[in-house]
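I have placed the structure first, in the form of structure tokens, so that the comments after it can refer back to it.
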Amino acid sequence: MRVRTVLGRITLTATLALTPAFVTAPAAGADTAPLPAITDDQGRTLILHGLNTSGSAKGPTGLPWITRDDVVREARDLGTNSVRYVLQWKNIEPEPGRYDEAHLDDIAERLAWYREQGMHVILDMHQDIYGPAACKGAGDGAPAWATITDGLPCTPQDPWVLTYLQPAVLRAYDNFWNNTGKHPELMQRYTAMWKHVAERFAHDPAVLGYDLMNEPFGGTRQLGFFEGPILTPFYQRIVNAIREVDGDNWVFVEPQALGPNEGSETSLGTVRDPRPGGPRIVLAPHFYPGGVDLGGSYDGVAKLLVQAQFALWKRNMPAAARRLDTPMWLGEVGGMGQGAPGAADFTGDWLSMADELGIGWAYWSNDPGSSGVVDGDGKPTLFTKLLARPYPRAVAGTLTKTSYADGALTVAWRNKPGVTGPTEIWFPVTPKVTSTDPGGKWWTRWDADRHVLSVWADPGTASHTVTVKP
């Protein structure tokens with residue numbers, strides 16, 4: 001889930017001190033054009049709103065706690081059109097080269113629940129603290145056979161993220177990334193595992209794409225010594241392997257967690273897509289500002305720190321997506337309990353940031369509890385109402401604006417050649433709709449069961465703005 005260390009806080013503090021312009025406003029002339037878009041089979045821009053499913057899938061079985069009814073409720077109550085579905089390498093490949101097909105069958109059964117609701121699934125190969133064999137009592141992800149610690153010790157730490165700095169954990173990462181020069185086979189096996197997973201789910205209509213590794217951590221090599229020379233070619237090898245068996249689904253690549261999670265720049269390089277129909281690579285950073293992570297708050301001095309990180313993230317992550325010429329998706333965000341000071345304001349602010357950038361998000365997580373959408377008794381939390389936010393699920397062109405205030409949603413887009421189908425807007429109640437298109441040249445349809453408004457715009461008008469109110 002989150003990587004937060006003393007080193008991360010020092011890195012952020014130094015960045016804030018040395019680059020004050022970053023925390024006030026974008027530089028003059030900064031590129032404000034829409035980012036490249038994730039698109040569906042009709043060419044429409046997809047805005048993905050969803051949850052991470054789930055922290056419980058980081059346990060021994062590798063499966064989330066959900067039932068089919070939970071997926072139905074999520075789609076109905078929150079309007080989600082996507083899910084970041086957590087997988088673990090250890091459950092998929094329990095022995096080198098042997099894949100657990102029964103486990104993949106269990107995953108396929110659950111993906112069918114999302115398919116029934118018309119939701120897009122991003123398969124997330126999750127890891128934290130490398131894997132459970134790196135430090136007894138901590139971690140998830142890698143199987144024991146791929147965990148080579150060279151006998152070094154590890155004691156789980158509090159807060160848990162400090163466990164990343166334990167000798168055994170650092171050595172497990174160093175051996176995986178072949179920083180030691182002794183174990184190139186580990187990355188090779190990981191790549192082959194992804195190829196197997198992609199081949200299995202390439203033709204599942206629910207699967208939109210693959211998130212190659214949760215929050216990569218470079219062991220003793222960090223920042224520019226990791227992302228450019230190690231992580232980028234690692235991603236490239238996996239993309240090449242996936243394209244041998246799946247030529248259509250999107251591939252999501254994350255920067256390292258340390259630094260970018262809090263808004264620092266990323267040095268991740270270009271990952272090229274050999275797909276003949278054009279690239280389908282997405283930059284998928286997370287956002288966990290230090291002032292709210294691990295039990296913090298969003299008030300007083302802490303709020304000022306977090307607002308500075310908002311400004312950094314809002315500048316540096318879109319800049320990276322433009323440099324890499326990829327769409328962007330916020331793969332994890334959240335981290336506050338509903339009782340924490342400023343929890344509602346923090347949630348509203350990152351939702352507004354996503355709207356302003358025209359990107360989708362996956363909230364961490366759907367697990368019952370104070371920071372989930374239901375509490376331990378299954379009752380809605382503060383976040384249920386906040387995340388049930390009206391939004392354009394699919395836009396028939398290039399999205400140029402999304403804003404939500406005082407119960408009203410405004411969506412603007414311009415025509416794009418080759419796009420078919422209507423713009424679809426999720427709205428929690430029966431809407432009143434106005435458009436800048438000429439009267440009689442546009443029309444709508446309301447699906448009361450799904451709370452989805454379909455808008456067919458005037459084909460003779462180049463740009464469109466629709467406002468939806470209760």
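All heavy atoms count here, side chains included; hydrogens, waters and symmetry mates do not. Index from 1, following the sequence.
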- prompt: Taking it one step at a time, do L312 and E262 satisfy side-chain contact (heavy atoms from CB on, under 4.5 Å)?
  reply: CA-CA 8 Å; L312 284 167; E262 296 171 312; over 6 Å; no
query: With the threshold set at 4.0 Å, does a side-chain nitrogen-carboxylate oxygen contact exist between R275 and D248?
result: yes
- prompt: Strictly by modelled atom types, are D69 and T67 linked by a side-chain donor-acceptor pair under 3.5 Å?
  reply: no
query: Relative to each other, are the rings of W426 and H451 parallel, tilted or perpendicular (30° and 60° limits)?
result: tilted
task: Enter the distance from H103:NE2 to T61:OG1 here, rounded to the nearest 0.5 Å.
output: 7.5 Å
- prompt: In this structure, which one of H196, M193, R98 forms a side-chain contact (heavy atoms from CB on, under 4.5 Å) with E93?
  reply: M193
- line: Closest heavy-atom pair, L165 versus L170, reported as atoms and distance to 0.1 Å, is O-CD1, 3.5 Å
- line: Note: G372 and F383 closest approach over all heavy atoms is O-CD1, 3.5 Å
- prompt: So, E332 versus Y288: side-chain donor-acceptor pair below 3.5 Å or not?
  reply: yes
- prompt: What do you reckon, are the aromatic ring centroids of W364 and H126 less than 6.0 Å apart?
  reply: yes
- request: Would you check if the side chain of T384 reaches a backbone N or O of V373 as a donor-acceptor pair within less than 3.5 Å?
  value: yes
Student check: side-chain heavy atoms of V245 and W194 closer than 4.5 Å: no
message: Checking E185 against N178 for the side-chain contact (heavy atoms from CB on, under 4.5 Å) test, could you report, in this order, the C-alpha distance in whole Å, the side-chain angles of both residues, the deciding distance, and whether it holds?
response: CA-CA 9 Å; E185 76 280 1; N178 202 30; over 6 Å; no
task: Measure across P260 and T266 and return the closest heavy-atom pair with its distance rounded to 0.1 Å.
output: CG-CB, 4.2 Å
- prompt: Any donor-acceptor pair under 3.5 Å linking the side chain of S54 with the backbone of D367?
  reply: no
task: Please report the shortest heavy-atom distance between I129 and A138, naming the atom on each side.
output: CD1-CB, 4.1 Å
message: I'd like to know whether CD of E101 has more than 12 heavy-atom contacts from other residues, nucleotides or ligands below 6.0 angstrom.
response: yes
Steps toward side-chain contact (heavy atoms from CB on, under 4.5 Å) verdict (Q166, T163): CA-CA 5 Å; Q166 287 289 292; T163 309; 4.3 Å; yes
- prompt: Between N81 (side chain) and M119 (backbone), is there a donor-acceptor pair under 3.5 Å?
  reply: no
message: If we ignore hydrogens and angles and just use 3.5 Å, is the side chain of S371 paired with the main-chain N or O of M336 as donor and acceptor?
response: no
- request: Using distance alone, with no hydrogens and no angle criterion, decide if D174 and T180 have a side-chain donor and acceptor under 3.5 Å apart.
  value: no
message: Strictly by ring-ring contact (aromatic ring centres under 6.0 Å, His included), give each pair with a member in residues 66-88 just once, sequence neighbours left out.
response: none
task: Provide the closest heavy-atom pair for S267 versus L223 in the form atom of the first, atom of the second, distance.
output: OG-O, 3.8 Å
- prompt: Do E244 and N240 meet the criterion of a side-chain donor-acceptor pair at a distance under 3.5 Å?
  reply: no
message: Quick check for you: to the nearest 0.5 Å, what is the distance between Y210 atom OH and L123 atom CG?
response: 7.0 Å
task: Considering only NZ, NE, NH1 and NH2 on the basic side and carboxylate oxygens on the acidic side, decide whether D105 and R200 come within less than 4.0 Å.
output: yes
Note, W177 side chain near L186 side chain (heavy atom, < 4.5 Å): no
task: Could you pull out the closest heavy-atom pair between V253 and I281, with the gap in Å?
output: CG2-CG2, 4.1 Å
query: side-chain contact (heavy atoms from CB on, under 4.5 Å) with P36: which residues, sequence neighbours excluded?
result: D325, P327
message: I'd like to know whether CD of E199 has more than 12 heavy-atom contacts from other residues, nucleotides or ligands below 6.0 angstrom.
response: no
- prompt: How about D124 and L87: do any of their side-chain heavy atoms sit closer than 4.5 Å?
  reply: no
- request: Under the side-chain contact (heavy atoms from CB on, under 4.5 Å) rule, what do L283 and L268 come out as? Steps first, then yes or no, please.
  value: CA-CA 10 Å; L283 181 66; L268 188 69; 4.0 Å; yes
- prompt: Pairs in or reaching into residues 337-355: which pass side-chain hydrogen bond (donor to acceptor under 3.5 Å, both in side chains), with residues at least two apart or in two chains?
  reply: Y298-D349, S352-R389, D355-R389
query: Counting only N and O atoms by type, is there a donor-acceptor contact under 3.5 Å from the side chain of Q236 to the main-chain atoms of R272?
result: yes
query: With no hydrogens and no angle check, is any side-chain donor or acceptor of D40 less than 3.5 Å from a backbone partner on L46?
result: no
task: Please confirm whether Y130 and Y164 have ring centers closer than 6.0 angstrom.
output: no
field: Within the 6.0 Å centroid threshold, strictly below: F310 and F287
entry: yes
query: Going from CZ on R68 to CD1 on I66, what distance comes out if it is rounded to the nearest 0.5 angstrom?
result: 11.5 Å
- request: Decide whether R84 and N366 meet the rule of one side-chain donor and one side-chain acceptor closer than 3.5 Å.
  value: no
query: When you check the gap from the basic side-chain N to the acidic O, do D375 and K379 get nearer than 4.0 Å?
result: no
- prompt: Distance-only, no hydrogens or angles: does the D246 side chain make a donor-acceptor pair with backbone N or O of R243 under 3.5 Å?
  reply: no
- prompt: Counting only N and O atoms by type, is there a donor-acceptor contact under 3.5 Å from the side chain of N91 to the main-chain atoms of P60?
  reply: yes
- request: Verify the neighbour count for atom NZ of K314: are there more than 12 heavy atoms of other residues, nucleotides or ligands below 6.0 Å?
  value: no
Sidechain-backbone polar pair: Q157 side chain, T155 backbone, donor-acceptor under 3.5 Å: yes
Salt-bridge criterion met for D150 and R171 (N-O under 4.0 Å): yes
message: Just checking W89 against W145, ring centres under 6.0 Å apart?
response: yes
- prompt: Do Q127 and Y173 have side-chain N/O donor and acceptor atoms under 3.5 Å apart?
  reply: yes
query: Are the aromatic ring centres of F234 and F176 under 6.0 angstrom apart?
result: yes
